[in-house]
Structure formats: structure tokens, C-alpha cells
Number of protein chains: 2
Amino acid sequence: MHIWFDMKLTAAQLDGSNMSVRAQHPWPLEDDEEASGLDLTLDEKTELSHFCDVISVGAKGPPIFTQGQHADHVFYVNEGIVQGRHTIRSGVRQSVALYWPGDFFGLARDGMFFNSAEAVIDCTLYRYPIRKLEKFLISRPRIQHKFLMKAVHDIRKTQRQLIIMGALDVARRLAVFLVDCCGHREYFDTGTQHLTIPISRHDIADHIGTSAETVTRAINTLEKKGLIRRETPWKLEIKTSELLAFSSLD
Amino acid sequence: MHIWFDMKLTAAQLDGSNMSVRAQHPWPLEDDEEASGLDLTLDEKTELSHFCDVISVGAKGPPIFTQGQHADHVFYVNEGIVQGRHTIRSGVRQSVALYWPGDFFGLARDGMFFNSAEAVIDCTLYRYPIRKLEKFLISRPRIQHKFLMKAVHDIRKTQRQLIIMGALDVARRLAVFLVDCCGHREYFDTGTQHLTIPISRHDIADHIGTSAETVTRAINTLEKKGLIRRETPWKLEIKTSELLAFSSLD
DNA sequence: CGCATGATTGAGTTCATTCAAATGGTGTGG
DNA sequence: CCACACCATTTGAATGAACTCAATCATGCG
């Protein structure tokens with residue numbers, strides 16, 4: 001299915017840089033997108049693919065972009081997970097979003113990126129020149145409308161994260177995160193109910209606004225409650241619905 | 001300037017209901033909008049005004065809408081302040097946004113409002129039937145593009161709130177809130193540096209994710225540091241730039 | 001097999017919460 | 001005009017959740 005991209009990853013590693021670029025690659029012409037908002041037709045995807053680059057980013061490497069940097073592209077996650085982060089003056093880092101396949105990212109303010117973006121696992125991304133995309137959208141009102149709906153969807157998603165941060169304790173926040181992970185087939189086996197946690201304790205901590213140690217303790221808490229079972233540090237058996245109930249999020 | 005709306009408030013109070021409606025009122029044809037994203041031309045405002053209602057909502061009354069309720073309108077704040085709130089299963093309430101004049105609100109998911117909205121002070125709002133607005137936007141790509149930009153702006157605003165909640169302690173969160181208030185001339189006198197806090201301790205607490213008592217204590221903290229001076233519980237003298245520096249937010 | 005990295009555990013501390021009580025301001029009715 | 005009642009704000013004290021720093025334990029890689 002995505003074999004083509006595996007080749008790209010290899011290429012990226014070969015040339016030693018963290019980010020490799022190829023121009024003019026088509027959107028993967030399947031329609032397996034999550035119900036995450038932007039559901040384009042095949043034709044629309046093809047049209048869009050005419051002016052996007054495909055890039056590969058390794059997890060360990062430098063950020064995809066850094067807050068304050070000049071913003072001339074918008075990114076789309078094809079494979080992998082990207083974390084949007086913001087660093088405040090005191091040096092404290094806060095994750096503002098986790099971008100899964102199907103998500104767009106690269107918000108700008110006054111032509112500069114508002115956040116940094118880092119691949120938390122190896123990724124393949126599509127990259128759109130923002131000017132071209134804007135012109136295209138104005139010439140295709142119905143597609144633009146889908147982007148508007150997607151943006152509204154993203155507001156809601158960010159608000160949801162805000163609710164999670166403001167109203168739940170760490171164990172519940174972790175529960176929500178784990179359930180969210182279970183929504184991604186790449187990491188969750190519906191049959192065995194086994195989840196492979198895709199990101200490190202530290203990245204989870206960033207995401208749910210706590211420290212890596214506290215994440216570990218919260219995992220203990222959930223395990224003691226019988227909501228999860230730890231096989232290895234990254235393999236968990238999950239009771240999805242009990243976890244969701246415990247989180248007390250709607 | 002907004003005298004016309006003062007009459008409306010009176011009307012609302014007279015008929016005893018909390019929300020009064022009048023159809024077909026024009027957008028106030030000034031161009032004093034904040035740099036909050038959607039900056040329409042006079043012509044565009046006039047076009048939009050052709051299908052909006054004007055409603056008045058009192059601070060003490062029932063919510064403007066409730067989460068889960070059928071969503072067929074989008075709202076625009078003309079005057080006043082509205083708080084978007086979400087209640088989770090445990091009953092805990094979390095504010096997701098404070099809407100000031102110039103802001104849109106009324107996000108829906110599957111045709112239902114995702115949050116509740118309550119006027120925290122008396123408000124006048126414009127109300128747009130969502131279907132008509134959507135059709136209109138598709139027929140006016142450039143206006144739709146402004147709405148898209150506005151939505152992107154709102155994502156950023158929500159992310160900013162997320163950063164505030166995740167990375168700052170209560171005193172700093174309060175500092176940010178106070179500085180934000182100072183951005184609104186209705187409540188802040190630039191000459192005397194006097195701010196009239198427009199909303200209650202409890203609503204502030206909701207907004208910055210803490211309790212009313214803790215808000216009071218945080219005010220004490222800021223006063224001891226010499227960043228603000230309390231004249232009455234609602235009148236503060238503010239050292240804007242010092243406060244902003246203290247908050248350590250960018 | 002040993003090192004490096006990440007995960008886990010422990011102990012002490014800090015920050016914010018909760019519950020209870022006191023104070024202050026506002027508006028109403030006498 | 002005053003007194004009272006009501007509501008919001010403020011203060012106090014005890015509790016608890018999560019953080020930090022340090023040490024120990026796995027896991028994977030050379």
C-alpha cells in the first residue's frame with residue numbers, strides 16, 4: 001500500500017540529510033481517510049497533487065520547521081506522527097497538537113510559523129506552497145469550503161485538547177490519549193486489543209502537559225485499575241471502552 | 001456609536017425574556033474591528049447583513065445555546081462577552097473560549113453544538129442561519145477565503161489558550177488574561193491605565209482553569225509583585241508591559 | 001558483554017484545591 | 001435614609017496531586 005514511501009525513507013537516510021524532497025508526486029489514490037474532515041474526491045486529490053512536494057522526515061532529526069521561521073508552505077501528513085510544539089520565553093515547551101495521517105499543519109501568523117513541528121516517528125509528508133494553494137482554493141470554492149470545514153474541525157479538536165488539559169487529571173488525560181491511539185489501525189490490533197504506543201514517554205508527557213515520570217506513574221494507576229495491561233513498555237493490552245468510560249470525557 | 005443597541009437591550013428587558021430578536025439589521029458600518037482576522041469591506045458586510053438577525057442576551061439568563069442542541073445558526077459578537085463552555089460527564093465545566101466583539105462562535109459537530117455558550121455580560125449578537133451562510137460563502141470565494149483565514153486565526157487562538165493552560169502557573173495565566181482585557185478599549189483606559197474587569201471571579205476561574213478563590217490569591221500575588229494595584233475588586237491599575245513580561249508568554 | 005538511552009521508582013517539596021468562615025458591596029423594603 | 005439580606009470576594013487552614021531531582025532498572029545496539 002505505501003511501499004513507495006518506504007523507498008523514500010531509505011533515500012532520505014542515504015543522503016544523510018533529515019529531509020528528502022521529491023516534486024510532483026500524486027496523492028495516494030485510496031479513499032481510506034479517517035472521518036477527520038477533509039474528504040476530497042479522487043479528482044480533487046489529483047488536482048491538488050499537481051503542486052505538492054513529497055518529503056520524508058526522520059524522527060531523530062531536526063524539526064520540520066521552527067516557530068518564527070518564514071512560512072511559505074502548508075504540510076499534510078501522509079504517514080507518521082508529527083507534534084506541533086510551542087516554546088515560551090521561560091523555555092517551557094508545550095505540545096499544541098499531534099498530527100496523524102490525514103491532518104494538515106503549518107499555521108502561520110504574519111508570514112511566520114507560530115509553532116515548531118517535529119516528527120515524533122518517521123514521516124512522509126506532502127508540502128504545498130501556500131500562495132499556490134490559496135489561489136487554487138479561491139478558484140475552486142467547493143474545495144475551499146472543504147478546507148474551511150476542516151479548519152472548523154481543527155478548532156474543535158484543539159478545544160477538545162483544551163478541555164482535556166483543563167478538566168482532567170493526568171491519569172484521565174493519559175486514558176484519552178491511549179484511546180485516541182487505538183483509533184489508528186497502524187498501532188492498534190482490534191482483534192487482540194494490543195496497542196503499540198508509537199511515541200516516547202517524554203513526547204506523551206509533552207502532549208498531555210506533564211512530565212515523563214508522571215506518565216509512568218499514570219500508566220501504573222491505569223494498570224492497577226485493570227484498564228490496561230503492560231506487556232512491554234510499548235505494548236499494552238487495552239480495554240478501550242472501560243478506559244473511555246474512566247476518562248469521563250464525552 | 002452603538003446607541004442603537006442600547007435601545008435593544010432595554011427592549012429585551014421590557015418583554016421579560018432573556019433573548020430578543022429583530023430581523024434584518026445592518027452591520028454597524030464602521031471599520032473599527034480589531035485585527036482579529038475577518039476584515040470585510042463595507043459592501044461585504046452589507047451583503048452579509050441581508051440574512052442575519054440581531055439578538056440581545058442578558059448576562060444572568062439562560063445560555064445562548066447548550067451543548068448537544070441542534071445547531072442551525074452561527075453567531076457573531078457585536079457587543080459584550082460570551083463564554084464558550086463544555087461540560088464533561090463528571091460535571092466539570094471547562095471554558096473553551098471567551099468571545100469578544102468581532103468573534104464568531106457556534107461550532108457544530110454532526111449538526112449539534114459542541115459547546116454551550118453563555119453571555120457573561122449583556123450582549124448583542126448577530127445570528128446567521130448556517131445553511132444560508134454556507135451557500136453564500138460558496139458563491140463568494142473571496143469572502144469565504146476571509147472566513148477560512150478567520151478560522152485559521154481561531155485555531156491559533158485556541159492553541160494559544162492551550163499553551164497558557166499547559167505551560168503557565170495560575171498567576172501567569174491571570175496575567176495573560178488581564179493583558180488580553182487591556183486590549184479592549186471598552187474596559188481599559190489607556191490614559192490612566194485603569195482596567196475594569198468585565199467578568200466575575202468565577203468566570204475568570206473557568207476561563208483560566210482554576211477556582212475563584214485561587215483567582216483572588218493570584219490577584220494578591222500580582223499586587224504584591226507591584227504589577228497591578230487594586231482600587232476596588234473590579235477596578236485595577238495595570239502595568240501592561242511588566243505584566244506581559246511576567247507572564248513569560250511570547 | 002557493556003554502553004547508551006529511555007523507563008521506572010523513591011523521597012521531599014511545591015502549588016493549587018477544597019471547605020469553611022469572614023468581609024464587603026449592592027439593592028430592596030421598611 | 002437606614003437596616004437587612006443576598007451575593008461575590010477575600011482570607012484561613014488542611015489536604016492532596018503532581019513536580020523535581022536522584023537513583024535504579026530495562027532494552028536495544030554495537
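Proteins come first, then strands; the chains are lettered A, B, ... in the order of their sequence lines, and each starts at number 1.
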Verify the contact: side-chain N or O of N220(A) to OP1 or OP2 of dT8(C), cut-off strictly under 4.0 Å; return yes or no. no
Scan nucleotides 11-28 of chain C nucleotide by nucleotide, 5' to 3', and note B when protein non-hydrogen atoms come under 4.0 Å of the base, S if they reach only the sugar-phosphate, - if neither. B----SBBB---------
Quick check for you: name the first and last nucleotides of DNA chain D, 5' to 3', having an atom under 4.0 Å from a heavy atom of chain B. dT9(D) to dA13(D)
What bend angle does the helix from dC1(C)-dG30(D) to dG30(C)-dC1(D) show across its length, from five-pair end axes and to the nearest 10 degrees? 30°
T87(A) side chain reached by V92(A) side chain, heavy atoms, under 4.5 Å: no
Between the side chains of D180(A) and R160(A), is the shortest nitrogen-to-carboxylate-oxygen separation below 4.0 Å, so that they form an ion pair? yes
So, E118(B) and R93(B), do they make that salt bridge, N to O below 4.0 Å? yes
Is there a donor-acceptor pair under 3.5 Å between the side chain of Q193(A) and the backbone N or O of I238(A)? yes
Minimal non-hydrogen separation, L244(B) against S247(B), with atom names: O-OG, 2.7 Å
Test side-chain hydrogen bond (donor to acceptor under 3.5 Å, both in side chains) applied to E237(B) - qualifying residues, sequence neighbours left out: R229(B)
R201(A) CZ to dG6(C) P: how many Å, rounded? 12 Å
Test the R127(B)-Y76(B) pair against the cation-pi criterion, namely NZ or CZ under 6.0 angstrom from the six-membered ring centroid and within 45° of the ring axis. no
Does any part of the side chain of V74(B), heavy atoms only, come nearer than 4.5 Å to the side chain of F105(B), both counted from C-beta? no
Ring pair (Phe, Tyr, Trp, His ring centres under 6.0 Å) partners of residues 77-97 of chain A, not counting sequence neighbours, each pair once: H86(A)-F114(A)
Taking only N/O atoms, report every protein-nucleotides 2-4 of chain C pair under 3.5 Å with atom names and distance.
none

Do Y99(A) and F75(A) have their ring centres less than 6.0 Å from each other? no
Do Q83(B) and S95(B) get their side chains close enough for a donor-acceptor pair, meaning under 3.5 Å? yes
Evaluate the side-chain proximity of I164(A) to F177(A): yes if any heavy-atom separation is below 4.5 Å, no if none is. no
Less than 4.0 Å between a side-chain N and a carboxylate O, is that true for R85(A) and D203(A)? yes
